[in-house]
Number of protein chains: 2
Amino acid sequence: MRSGSGARKRTVSTASGETPPVAPNEGFAPSRTRHRAQRGQGQVLRDEILAVAAAMLADTGNEEAVSIRAVAERVGVTPPSIYLHFADKEALLEAVCVESFAAFDERIASAAQASAGPLEALRAVGRSYVEFALERPEHYRYMFMRRPDPEVNAPSAAELETIGGLARLIELVRKGQATGAIEPRRDAVEISYALWCATHGVAALLVAKPYFPWGDHHALIEAVIEMCVRGVSSDMP
Amino acid sequence: MRSGSGARKRTVSTASGETPPVAPNEGFAPSRTRHRAQRGQGQVLRDEILAVAAAMLADTGNEEAVSIRAVAERVGVTPPSIYLHFADKEALLEAVCVESFAAFDERIASAAQASAGPLEALRAVGRSYVEFALERPEHYRYMFMRRPDPEVNAPSAAELETIGGLARLIELVRKGQATGAIEPRRDAVEISYALWCATHGVAALLVAKPYFPWGDHHALIEAVIEMCVRGVSSDMP
DNA sequence: TGTACATCAGTGAACGCGCGTTCACTGATGTAC
DNA sequence: TGTACATCAGTGAACGCGCGTTCACTGATGTAC
């Protein structure tokens with residue numbers, strides 16, 4: 001991966017002012033010819049960096065492969081340009097993470113709304129949760145399975161988003177308790193956390209051990225969801 | 001961290017044939033004076049490397065910090081010595097992982113045996129499972145949360161150990177079904193996998209997000225376990 | 001209307017780092033004769 | 001009983017790599033006078 005060769009070609013093209021012959025696009029070489037942003041439009045590059053970092057996280061399936069250099073090369077700029085828009089590598093990945101949480105939250109919210117009845121809503125939310133994890137395993141990994149930063153003793157911005165998402169779940173549980181479908185004597189927050197744990201469990205194991213002899217993934221997911229729903233339901237008369 | 005200085009001192013001491021003044025033991029400097037192994041006792045070093053690698057995984061809480069160089073330095077040998085006993089870094093970590101699984105399995109087995117009744121046994125197993133994860137989070141992470149190696153499409157030796165451990169759980173579930181305590185119409189394997197998922201979920205979230213505002217960890221663990229037990233129990237008359 | 005200047009979006013080259021791994025070597029110890 | 005030799009458990013120095021980050025610079029574009 002000959003770093004920088006693409007960037008050099010691009011510079012020449014900008015000087016000539018017209019589109020150069022398309023360079024062979026191998027591996028992570030710049031995906032298209034960039035033009036320097038208009039004045040005041042520096043943040044265009046910021047968005048592009050963010051999009052590329054997110055795509056690389058999804059494609060490579062490996063947080064470590066998302067290096068400053070690799071992102072820069074794929075965007076078609078030099079590594080120092082990244083630092084014009086993000087303080088350091090961690091800030092870049094944190095920004096990706098915040099976007100992932102937004103997408104995740106949106107998915108969960110629409111699943112909750114589309115369902116009739118609180119128990120069915122719980123099932124739908126569970127399914128959407130695991131689906132998201134399986135569609136974007138490396139995003140999910142970064143959001144929920146990453147090693148905690150020992151320097152940070154408080155929830156990050158992204159984690160506070162999680163809490164926001166959890167608020168939806170708690171609300172759902174309370175609604176279920178109000179209608180009598182869900183065991184009313186336990187704390188709604190505690191029930192919600194327990195549901196989250198179980199759902200995370202199946203998502204995380206499928207992400208971490210895709211080659212394990214699970215049998216049918218779908219059946220496993222449904223089994224976990226049913227166990228949860230039974231586990232939090234009121235005793236039927 | 002001046003690599004190698006300890007090793008040099010050690011060589012001198014071996015030549016002199018008597019214990020040298022103890023070198024200041026700062027950071028990961030060699031923890032004690034080593035003597036070259038007796039003839040035919042080369043595997044003594046192998047065990048020591050394994051123990052140190054396991055300890056470093058536990059201490060540093062970071063798989064990446066367990067580098068060949070760091071392990072060698074802490075053992076008190078030079079990096080190439082590692083290769084006399086392990087093919088490469090991955091083989092070393094895999095060996096650590098196999099040992100972790102053995103300890104884990106032993107813990108689970110004794111929890112299962114010490115309990116009266118299948119449902120109480122399920123609870124005990126769940127508690128032991130999470131306890132192990134919280135005691136040795138980085139071991140747990142390496143065992144169950146590591147990124148899958150894309151080159152490996154089959155379960156590793158360590159993962160086959162997991163299957164062995166699961167066999168115990170499946171047996172427990174079958175026993176519960178036989179006594180009528182556990183829902184008999186569902187497949188015992190499916191129930192076991194679902195229980196594993198949920199238990200993994202609480203362990204993994206506590207490992208990955210220790211600073212999250214969980215409230216009381218113990219209460220959370222019990223809530224998940226109770227939800228599971230309710231979820232797999234027979235409907236009571 | 002022309003020109004000096006400030007601003008902005010980047011570049012290019014280099015920094016020091018720690019890593020996994022390799023290779024030729026050493027020196028103590030046991031063994032065959 | 002002495003000595004040459006094979007074996008074994010290591011050493012020491014170096015390899016090439018990719019990484020995050022920094023620093024002085026460039027060149028196009030807008031703006032003040």
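Computed from a prediction, not measured in an experiment: that's the story for all the values here.
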Of the listed nucleotides (D/dG12, D/dG10, C/dT21), which one gets closest to any side-chain atom of B/Leu45?
D/dG10
Within the structure, does a side-chain N or O atom of B/Ser81 lie under 4.0 Å from either OP1 or OP2 of D/dT11?
yes
Output the rounded distance in Å from CZ (B/Arg46) to P (D/dC8).
18 Å
For D/dT11, does either OP1 or OP2 sit under 4.0 Å from a side-chain N or O belonging to B/Thr78?
yes
Can you check the A/His35 NE2 to D/dA28 C1' distance for me, whole Å?
14 Å
Assign each of B/Gln38 and B/Asp88 to its nearest nucleotide of DNA chain C by heavy atoms, then name whichever residue's nucleotide is nearer the 5' end.
B/Asp88
d(CD, A/Glu64; C1', D/dG18) in whole Å:
12 Å
Between C/dG10, C/dG20, D/dT21, which nucleotide gets closest to the side-chain atoms of B/Ile68?
C/dG20
Could you check whether A/Arg146 and A/Tyr142, counting side-chain N and O atoms only, form a donor-acceptor pair closer than 3.5 Å?
yes
Rounded to the Å, how far apart are B/Ile49 CD1 and C/dG20 P?
14 Å
Once pairs are restricted to Watson-Crick or G-U wobble with both distances under 3.5 Å, how does DNA chain C read as a dot-bracket string, [ ] for crossings and | for other-strand pairs?
.||||||||||||||||||||||||||||||||
Are B/Arg147 and B/Glu63 close enough for a salt bridge, meaning some N to O gap below 4.0 Å?
no
When the distance from CD of A/Glu63 to P of D/dG20 is rounded to whole Å, what number comes out?
11 Å
Once you round it to whole Å, what is the distance between C1' of C/dT21 and CG of B/Leu92?
14 Å
Quick check: B/Phe101 with B/Phe144 (ring centres under 6.0 Å apart)?
yes
Under-4.0 Å side-chain N/O to phosphate OP1/OP2 contact, A/Ser67 with D/dC19
yes
Please report the C-alpha distance between A/Tyr140 and A/His200 in whole Å, then the side-chain angles of each, then the deciding distance to 0.1 Å, and finally whether the ring-ring contact (aromatic ring centres under 6.0 Å, His included) criterion is met.
CA-CA 10 Å; A/Tyr140 189 80; A/His200 169 74; 5.7 Å; yes
Quick one: which of C/dT11, D/dG10, C/dG20 gets closest to the side chain of B/Arg69?
C/dG20
OH of B/Tyr83 versus C1' of C/dA24: gap in Å, rounded?
17 Å
Answer yes or no: does atom CD of B/Glu106 have more than 12 heavy-atom neighbours from other residues, nucleotides or ligands under 6.0 Å?
no
Any N or O donor-acceptor pair under 3.5 Å from the base of C/dA9 to the side chain of A/Arg36?
yes
For B/Ser100 and B/Arg136, which heavy atoms make the closest approach, and how far apart are they?
OG-NH2, 4.1 Å
Are the aromatic rings of B/His217 and B/Phe212 close, with centres under 6.0 Å apart?
no
Expressed in angstrom and rounded to an integer, what is the separation of A/Ile82 atom CD1 from D/dT22 atom P?
14 Å
